[in-house]
Enquirer: 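Below is a structure I'd like to ask you about.
Remember, it's 1-based here, ligands and their atoms both numbered in the order they're listed.
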Amino acid sequence: MKKRITLLGSTGSIGTQSLEVIRAQGYEVAGLAAGSNLELLQKQIAEFRPQTVALANEDACRALQNRLCGVPGAPRVLCGAQGIEEMARLPDAGTVLNAVVGIAGLGATLAALEAGHNVALANKESLVTGGQLVLDAARRHGARLLPVDSEHSAIFQCLQDAPSARRLEKILLTASGGPFFGLKREQLAGKTRADALKHPNWSMGNKITIDSATLMNKGLELIEAVWLFGLPPEKIQIVVQRQSIIHSMVQYADHSVIAQLGVPDMRIPIQYALTWPDRLPGPAPELDFTRLGPLTFDTADEETFRCLAACKKAIAKGGLAPCAANGANEEAVALFLRDEIDFLEIGRLVEAAVDSDRFGGGYTLKDVCECDRMARAFVRDHL
Ligand code: NDP
Ligand code: MG
């Protein structure tokens with residue numbers, strides 16, 4: 001039987017690359033969801049013929065319903081965050097690939113896991129904001145989380161040898177360093193949206209590209225790795241690997257280090273999450289070592305890039321502190337993308353939000369939503 005995939009965030013950078021993998025593998029698409037881009041979603045519907053689609057934006061959703069009304073073979077159209085969650089829960093959803101950006105993806109991750117579906121997770125914010133809820137849901141319903149983030153896919157691939165996985169001593173989480181690697185605070189002041197959107201190695205959505213420039217992305221990924229692989233944060237070392245060829249490494253008890261390498265192409269980790277435990281030929285090109293040039297390694301500068309320091313503080317505080325860091329960051333990045341705050345303000349605001357409370361203890365989904373709302377309000381009150 002052909003594999004069936006429900007793809008959330010289908011119109012984005014990961015979403016469109018996922019559809020390239022799905023097309024190449026001949027998988028069936030059970031459902032597609034996006035925020036508001038109904039033009040692209042409609043093209044995807046015509047090619048992949050899902051039974052259900054959903055749009056978060058209610059106006060865009062109604063417009064799509066009108067366009068598809070009476071069209072033979074048209075999918076059922078669900079609206080709003082609840083519609084996306086309903087779609088993720090459908091019994092025939094298959095593997096749910098969550099490529100929504102931001103905390104907006106959390107509800108659907110939980111819904112899919114609660115329905116017993118495996119989740120291929122690109123939406124790292126699900127684990128950062130609600131890690132305990134996500135892990136509990138997966139365990140309770142016998143569902144699996146399959147990492148799509150390239151570093152976490154690399155670590156997952158390095159851990160496939162089950163007996164030695166128990167002897168994991170350390171994770172070496174690689175970072176490109178982003179467009180501003182090597183710069184100091186005085187050189188970062190005045191960096192614009194256009195400067196920050198020029199990533200050296202990867203082409204991604206705007207939010208994660210800014211997160212790469214501030215190193216918030218590496219902080220979020222550190223928290224993501226804590227939840228996915230069960231190591232304490234002090235056993236996860238960040239290593240700057242400027243060329244983005246080594247996607248991460250693991251070190252075992254005997255100090256043997258295993259790395260995963262490949263061209264910087266997200267279709268490789270996307271495909272592995274969908275074909276695991278098998279590996280199949282795919283659309284990404286091979287790595288030509290004879291043309292590669294030197295691979296370099298550096299430390300990350302937390303003094304300059306305060307978002308990374310803030311995420312480390314947040315995971316050490318525990319509870320909802322990572323959620324507060326994430327909410328403050330989502331709000332600050334949105335302001336930066338509208339040219340309303342300076343680049344360095346993002347780090348200041350995220351760190352201040354993390355420092356503002358203790359955030360300890362357990363939490364419910366309602367607590368996560370409330371913490372996110374408060375972190376966003378904190379940012380607007382401290383501009
Ligand atoms: P994009 O901004 O390119 O795409 C985001 C997708 O989410 C779009 O389909 C968008 O729809 C949809 N969306 C936006 N808001 C909502 C909402 N409220 N409800 C439902 N859907 C929504 O982001 P990326 O593809 O770059 O990133 C997606 C996720 O993957 C992020 O969590 C990111 O951190 C992670 N990731 C991305 C990588 C990359 O290379 N891009 C690498 C590793 C991880 P619409 O187009 O209609 O707005
Ligand atoms: Mg990554």
Side-chain angles (χ1 to χ4, degrees), residues 6-19 31-44 53-61 63-64 78-85 87-88 96-109 111 119-129 147-156 173-178 197 199 201-212 215-225 228 238 241 244 246-248 260 264-270 273 284 326 329-330 333-334 337 372:
T6 288
L7 174 59
L8 315 178
S10 65
T11 53
S13 161
I14 293 289
T16 50
Q17 294 179 84
S18 300
L19 287 173
L32 292 173
S36 59
N37 186 348
L38 77 162
E39 301 300 335
L40 181 52
L41 184 63
Q42 209 174 345
K43 288 196 187 118
Q44 295 175 344
V53 297
L55 277 169
N57 181 290
E58 303 275 351
D59 292 339
C61 192
L64 185 64
L78 302 172
C79 295
Q82 281 182 344
I84 295 179
E85 288 169 28
M87 194 176 82
V96 175
L97 199 168
N98 188 348
V100 170
V101 61
I103 193 175
L106 173 62
T109 295
V119 173
L121 193 65
N123 178 257
K124 62 192 84 184
E125 296 90 344
S126 284
L127 281 169
V128 171
T129 58
V148 170
D149 211 349
S150 57
E151 295 78 2
H152 304 74
S153 172
I155 297 159
F156 182 59
L173 184 71
T174 56
S176 72
L197 285 175
H199 195 281
N201 307 334
W202 298 97
S203 163
M204 310 180 284
N206 281 356
K207 189 259 180 187
I208 182 174
T209 306
I210 302 302
D211 288 350
S212 298
L215 293 199
M216 183 72 189
N217 185 49
K218 218 39 61 178
L220 297 174
E221 290 184 354
L222 176 95
I223 300 168
E224 184 186 8
L228 281 173
I238 291 165
Q241 207 292 289
S244 298
I246 299 181
H247 299 301
S248 278
Q260 189 263 338
D265 187 321
M266 285 306 297
R267 291 173 301 182
I268 295 176
I270 292 168
N326 181 76
N329 181 61
E330 287 196 24
V333 169
L337 285 171
D372 179 64

Enquirer: Hey, is the main chain of G105 close enough, under 3.5 Å, to the side chain of N98 for a donor-acceptor pair?
Expert: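 Yes.
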Enquirer: Less than 3.5 Å between some nitrogen or oxygen of S13 and one of ligand 1, yes or no?
Expert: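 N/O-N/O distance below 3.5 Å exists for this pair.
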Enquirer: Should the proximity of A56 to ligand 1, defined as any heavy atom under 4.0 Å, be assigned to the side chain, the backbone, both, or neither?
Expert: side chain
Enquirer: Any donor-acceptor pair under 3.5 Å linking the side-chain atoms of S36 with those of N57?
Expert: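 There is no such pair between these side chains.
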Enquirer: Does only the side chain of I208 get under 4.0 Å from ligand 1, or the backbone, or both, or neither? Count heavy atoms.
Expert: side chain
Enquirer: Polar contacts were defined as any N/O atom of the residue lying under 3.5 Å from an N/O atom of the ligand; does this apply to N206 and ligand 1?
Expert: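 Min N/O separation from ligand 1 is not below 3.5 Å for N206.
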Enquirer: What atoms of ligand 1 come within less than 4.0 Å of a heavy atom belonging to N123?
Expert: 32 (O)
Enquirer: Do S10 side-chain atoms and G15 backbone N/O form a donor-acceptor pair below 3.5 Å?
Expert: no
Enquirer: So, does S153 use its side chain to make a donor-acceptor pair with the main chain of V148 at under 3.5 Å?
Expert: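 Not a single qualifying donor-acceptor pair exists.
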Enquirer: Any donor and acceptor pair, going by atom type alone, linking the side chain of Q241 with main-chain N or O of I246 inside 3.5 Å?
Expert: yes
Enquirer: State whether the shortest distance between N or O atoms of E125 and N or O atoms of ligand 1 falls below 3.5 angstrom.
Expert: yes
Enquirer: Which residues pass the side-chain hydrogen bond (donor to acceptor under 3.5 Å, both in side chains) test with E151, not counting sequence neighbours?
Expert: K218
Enquirer: Considering only heavy atoms of M204, which atoms of ligand 1 have at least one such atom less than 4.0 Å away?
Expert: 39 (C), 40 (O), 41 (N)
Enquirer: What about G9: any of its N or O atoms under 3.5 Å from an N or O on ligand 1?
Expert: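 Among all N and O atoms of G9, at least one is under 3.5 Å from an N or O of ligand 1.
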Enquirer: So, regarding G35 and ligand 1 (criterion: nitrogen or oxygen to nitrogen or oxygen, under 3.5 Å), is there a contact or not?
Expert: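 So ligand 1 has an N or O lying under 3.5 Å from an N or O of G35.
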Enquirer: Looking only at protein heavy atoms, which one is nearest to atom 30 (O) of ligand 1, and what is the separation?
Expert: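 For atom 30 (O) of ligand 1, the nearest protein heavy atom is A122 O, 3.4 Å.
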Enquirer: Which ligand 1 atoms does M266 reach within 4.0 Å, using its non-hydrogen atoms?
Expert: 40 (O), 42 (C), 43 (C)
Enquirer: Just which atoms of ligand 1 are under 4.0 Å from any heavy atom in I14?
Expert: 25 (O), 30 (O), 37 (C), 38 (C), 39 (C), 40 (O), 41 (N), 42 (C)
Enquirer: Is there a polar contact between ligand 1 and G12, counting only N or O atoms under 3.5 Å apart?
Expert: yes
Enquirer: Which ligand 1 atoms, with their elements, are less than 4.0 angstrom from a heavy-atom of A104?
Expert: 17 (C), 18 (N)
Enquirer: Is it the case that the side chain of E330 and the backbone of N326 share a donor-acceptor pair, with hydrogens and angles ignored and the cut-off at 3.5 Å?
Expert: no
Enquirer: Backbone or side chain, does any N or O of S150 fall under 3.5 Å from an N or O of ligand 1?
Expert: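 It does not: no N or O of S150 is found under 3.5 Å from an N or O of ligand 1.
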Enquirer: Which protein N, O or S atoms does the Mg ion (ligand 2) have within a distance shorter than 2.8 Å?
Expert: D149 OD1, E151 OE1, E221 OE2
Enquirer: Looking at Q42, I'd like to know if its CD atom is crowded, meaning that more than 12 non-hydrogen atoms belonging to other residues, nucleotides or ligands lie closer than 6.0 Å.
Expert: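 Correct, the count exceeds 12.
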Enquirer: Any atom of ligand 1 sitting under 4.0 Å from a heavy atom of K124?
Expert: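 Within the 4.0 Å threshold, so yes.
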Enquirer: So is there a nitrogen or oxygen of N37 less than 3.5 Å from a nitrogen or oxygen in ligand 1?
Expert: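 Such a contact does occur with ligand 1.
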Enquirer: Just let me know how S10 lines up against ligand 1, side chain, backbone, both or neither, with a heavy-atom cut-off below 4.0 Å.
Expert: backbone
Enquirer: Counting non-hydrogen protein atoms only, what is the nearest one to atom 20 (C) of ligand 1? Give residue, atom name and distance.
Expert: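 Looking only at protein heavy atoms, the one closest to atom 20 (C) of ligand 1 is I84 CD1, 3.5 Å.
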